[in-house]
S.K.: 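Take a look at this one; I'll ask things after.
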Amino acid sequence: MTERFSITTAIDYTNGPPHLGHTYEKVLADVIARHQRLRGKEVFFLTGVDQHGQKVQQTAEREGTTPQAYVDELTVRFRALWARLDVDYTAWAATTDTDHQTCVRKVLQRLWDDRDPATGQSRWIYKAIRAGHYSIRQEQFLTEKEMGPDGTFGPEWGQVEYREEENYYFRLEPHREWLLALIDARSQAGRPFVVPDFRVAELRNAVEKLAGDLCISRPKVRLSWGIELPFDPDYVTYVWFDALVNYVSFAPGYDPAAEANQTSFEAWLPMWHVIGKDILIPAHGVYWPIMLHALGFTDEQMPTLLVHGWWTVDGEKMSKSLGNVVDPDALADRFGAEPLRYFLMSEATTGRDADFTEERLIGCYNTDLANNLGNLFNRTLTMVQKYRGGRLRRDAATAELDGLFVPDGGSAEQYFTDLAARFSELPPEGNFTEPVLAIARLCNQQIQEQQPWELFKNPAKADVLDAFLYYLAESIRLIAIFISPVLPGAAGQMLDQLNCGSVPDGGTERFWLADARWGVLPHGHRLNAPTPLFPRWNAAKTKL
RNA sequence: GCCAGGGUAGCUCAGCGGUAGAGCAGGGGACUCAUAAGCCCUUGGUCGGGAGUUCGAUUCUCCCCUCUGGCACCA
């Protein structure tokens with residue numbers, strides 16, 4: 001059976017347009033998903049939007065529209081951006097979707113119905129009254145630690161009122177020891193629960209200090225924009241049991257009412273969740289695994305959390321008040337979607353914060369894409385056209401070139417096999433651009449070394465020239481395959497220029513790691529004339 | 001205050017016990033197939049500071065400074 005891989009992103013809150021951070025996360029997940037597909041896996045890739053909650057309700061009211069109309073409009077913008085950036089998800093999560101709402105209600109019902117035989121009470125959910133100061137803006141009760149020295153609350157909380165309110169709570173503490181054991185076991189097994197693993201200790205600390213339970217409801221009288229609790233129509237679900245459930249509600253074949261997970265659904269577990277560092281603790285690192293555990297998911301079915309950092313702009317935190325929020329659409333307008341994808345993936349070290357500057361984006365584009373990759377394609381194809389009328393000879397004396405590309409004198413076959421194996425083993429948080437650039441650099445070096453223009457002048461060296469051109473053609477075909485997760489569009493153009501309309505063993509997929517081996521282009525194969533893939537960006541052009 | 005992660009060439013980072021590395025940026029050179037790209041050479045670092053262990057420390061231990069996250073406390 002085909003191996004499976006599933007990956008999700010956080011779902012974005014539809015209270016404002018998408019920014020660079022949203023974009024990075026989706027591109028990161030897309031690149032990982034494409035890499036897995038390249039390896040022949042069947043991929044489930046879920047992303048989407050979180051549309052409920054008080055802020056949406058309030059903004060919609062303020063703008064004189066309905067919450068649904070308001071979120072629909074923003075949702076279109078998110079989807080349009082992902083389409084433009086070639087984010088190739090297989091399922092779309094929107095929390096106002098009927099199936100999702102049904103699933104959330106079933107999940108809650110199941111936990112509500114899971115009774116302790118001794119008391120007859122639900123083992124996981126209970127109702128309780130809580131009194132205290134409540135921030136309307138932040139939708140939460142405040143504790144003493146938020147109170148200032150003078151007994152008042154800071155302006156960041158907005159209007160604060162004293163309130164007595166009855167709500168439903170989800171028990172967290174009974175799962176603490178289990179979660180600690182899971183975190184430790186996963187680290188010991190070499191596949192940490194949180195990647196990169198330097199965040200594991202952070203999460204562990206948070207779990208050790210876990211206290212109190214999770215409030216999962218809001219009275220309808222003050223928040224109507226949400227999913228009604230199945231066991232109490234006076235309440236709607238508060239964010240986590242709505243938003244987090246999307247990971248399973250939109251997955252194929254999940255049925256919360258079933259005793260055990262269905263095999264059709266289990267086949268997609270465990271999942272990778274790509275999230276920002278701000279929502280690791282407590283949402284994804286604490287609430288979510290505990291929710292899954294209460295629902296009967298096994299330890300083996302628990303996800304891995306891939307936690308990425310944030311983007312700053314010119315060294316400063318992105319914020320609306322600073323006015324430095326980067327609009328991904330504007331960047332794509334100016335520089336193109338693919339260069340933007342490339343920049344995001346090569347500039348950021350997964351897990352850490354990264355800085356965006358326009359200079360770096362342009363520098364990265366010119367150096368890597370125009371000068372290195374693009375120019376390599378252009379010069380290679382041009383030489384094949386000029387020296388051999390566009391045709392390759394596969395049967396030339398390749399043995400003469402063995403060892404040129406490999407320090408220890410290995411064969412071309414071995415070289416390609418090793419490269420493909422190494423590329424295949426890249427972890428999801430790995431660097432997908434540098435290994436490809438390394439191949440391009442090697443090719444550029446070898447061109448200088450072999451001096452094909454001299455070989456061309458010497459009829460006695462005709463065989464060597466043929467062999468060398470074939471070697472270059474195969475190398476750039478390999479590059480096209482390897483770079484395809486990051487630059488799917490450009491990689492397609494690369495194969496077009498190589499006249500690889502359909503890849504031999506690729507089946508329905510155009511990019512297939514199985515094709516990343518030596519000697520695929522047939523004898524007499526005709527390459528197309530080159531067109532520059534990434535025209536060099538210069539300052540004059542920016543003024544156009 | 002506690003926990004974790006950083007502090008290595010101008011920039012982004014790798015190395016993590018045995019004479020300091022890569023890419024980019026800067027300087028010089030030879031070449032011409034190419035998007036004035038590429039290639040070669042090169043400038044540049046007492047590897048945050050101090051002490052210790054060791055034949056030997058960027059690499060291990062301790063202390064300190066500093067940045068980033070998380071947690072807590074005071075109020």
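Below, read A as the first sequence line, B as the second, and so on, with proteins coming before strands; counting in each chain starts at 1.
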S.K.: Taking the P atom of each, how far is B/G17 from B/C13, in whole Å?
M.R.: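 Here B/G17 and B/C13 have their P atoms 23 Å from each other.
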S.K.: Rounding to an integer number of Å, can you tell me how far A/Phe534 CZ sits from B/A37 C1'?
M.R.: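 Distance check: A/Phe534 CZ to B/A37 C1' gives 15 Å.
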S.K.: Assess the side chains of A/Arg536 and A/Asn371: does a donor N or O sit below 3.5 Å from an acceptor N or O?
M.R.: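 Yes, because at least one side-chain N or O of A/Arg536 sits under 3.5 Å from a partner of the opposite role on A/Asn371.
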S.K.: Roughly how far, to the nearest 0.5 Å, is CG of A/Asn375 from CG of A/Asn444?
M.R.: 6.5 Å
S.K.: I'd like the C1' distance from B/G15 over to B/C60, given in whole Å.
M.R.: 16 Å
S.K.: Does NZ or CZ of A/Arg218 lie under 6.0 Å from the centre of the six-membered ring of A/Tyr238, at an angle within 45° of the ring axis?
M.R.: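 Geometry flag: set, cation within 6.0 Å and 45°.
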S.K.: When all nucleic acid strands are considered with a 4.0 Å heavy-atom cut-off, which category describes A/Leu533: base, sugar-phosphate, or nothing?
M.R.: base
S.K.: Taking only the C1' atom of each, what is the distance from B/G49 to B/U66 in whole angstrom?
M.R.: 11 Å
S.K.: Wobble G-U and Watson-Crick pairs count when both distances are under 3.5 Å; given that, what is the 5' to 3' dot-bracket string of RNA chain B, with | for pairing to other strands?
M.R.: ((((((((.[[[[.)..(..]]]].((((.........)))).....[[[[[..)....]]]]])))))))....
S.K.: Provide the distance between the two P atoms, one in B/G23 and one in B/U42, to the nearest whole Å.
M.R.: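 Rounded to whole Å, the distance is 12 Å.
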S.K.: What is the minimum heavy-atom distance between A/Tyr342 and A/Leu437, and which atoms define it?
M.R.: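 Scanning both residues, the minimum pair turns out to be OH-CD2, 3.0 Å.
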S.K.: When you compare B/C47 with B/C55, how far apart are their C1' atoms, in angstrom units rounded to a whole number?
M.R.: 22 Å
S.K.: Which sits closer to the 5' end of RNA chain B, A/Asn205 or A/Asn375, going by the nucleotide each is nearest to?
M.R.: A/Asn205
S.K.: Expressed in angstrom and rounded to an integer, what is the separation of A/Asp278 atom CG from B/U68 atom C1'?
M.R.: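 Nearest whole value for this atom pair: 15 Å.
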S.K.: Report, as a single string ordered 5' to 3', how protein heavy atoms within less than 4.0 Å touch nucleotides 22-33 of chain B: B base, S sugar-phosphate only, - not at all.
M.R.: -SSS-----SSB
S.K.: Please measure how far the P atom in B/A20 lies from the corresponding atom in B/U46, and state the result in whole Å.
M.R.: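 One P to the other, the span is 13 Å.
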S.K.: If I pick the P atom on B/A37 and the same atom on B/G26, what distance separates them, to the nearest angstrom?
M.R.: 11 Å
S.K.: Starting at CG of A/Leu280 and ending at C1' of B/G5, how long is that distance when rounded to a whole Å?
M.R.: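 Interatomic distance, CG of A/Leu280 to C1' of B/G5: 14 Å.
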S.K.: Charged N to carboxylate O under 4.0 angstrom, A/Asp496 versus A/Arg510?
M.R.: yes
S.K.: For the pair made of CH2 in A/Trp537 and P in B/A36, what is the distance, rounded to whole Å?
M.R.: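 Going from CH2 in A/Trp537 over to P in B/A36 covers 16 Å.
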S.K.: What is the distance, to the nearest angstrom, from the CH2 atom on A/Trp310 to the C1' atom on B/G70?
M.R.: 12 Å
S.K.: Round to a whole Å and report the spacing from CG of A/Asn366 to C1' of B/U35.
M.R.: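 Rounded to whole Å, this separation is 10 Å.
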S.K.: With P as the reference atom in both, quote the distance from B/C2 to B/C64 in angstrom, rounded to an integer.
M.R.: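 These two P atoms come out 9 Å apart once rounded.
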S.K.: Are A/His284 and A/Tyr247 close enough, and set up right, to give a side-chain hydrogen bond (donor to acceptor under 3.5 Å, both in side chains), and what steps lead you there?
M.R.: CA-CA 11 Å; A/His284 286 78; A/Tyr247 298 135; 2.7 Å; yes
S.K.: Is there a donor-acceptor contact under 3.5 Å linking the side chains of A/Thr357 and A/Asp355?
M.R.: no
S.K.: Quick test of your reading of the model: are A/Arg186 and A/Asp299 salt-bridged, counting only N-O distances below 4.0 Å?
M.R.: no
S.K.: Assign the ring pair A/Trp240 / A/Tyr287 to parallel, tilted or perpendicular, where the plane angle (0 to 90°) is split at 30° and 60°.
M.R.: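 A/Trp240 vs A/Tyr287 ring planes: tilted.
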S.K.: Can you check the A/Leu469 CG to B/A34 C1' distance for me, whole Å?
M.R.: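 Taking CG of A/Leu469 and C1' of B/A34, I get 14 Å after rounding.
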S.K.: Take atom CG of A/Leu369 and atom P of B/G38, then tell me their distance rounded to the nearest Å.
M.R.: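 Result: 12 Å.
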S.K.: Using 30° and 60° as the class boundaries, would you call the ring planes of A/Phe456 and A/Tyr387 parallel, tilted or perpendicular?
M.R.: parallel
S.K.: For A/Gly374 and for A/Glu347, find the nucleotide of RNA chain B with the closest heavy atom, then tell me which residue's nucleotide is more 5'.
M.R.: A/Glu347
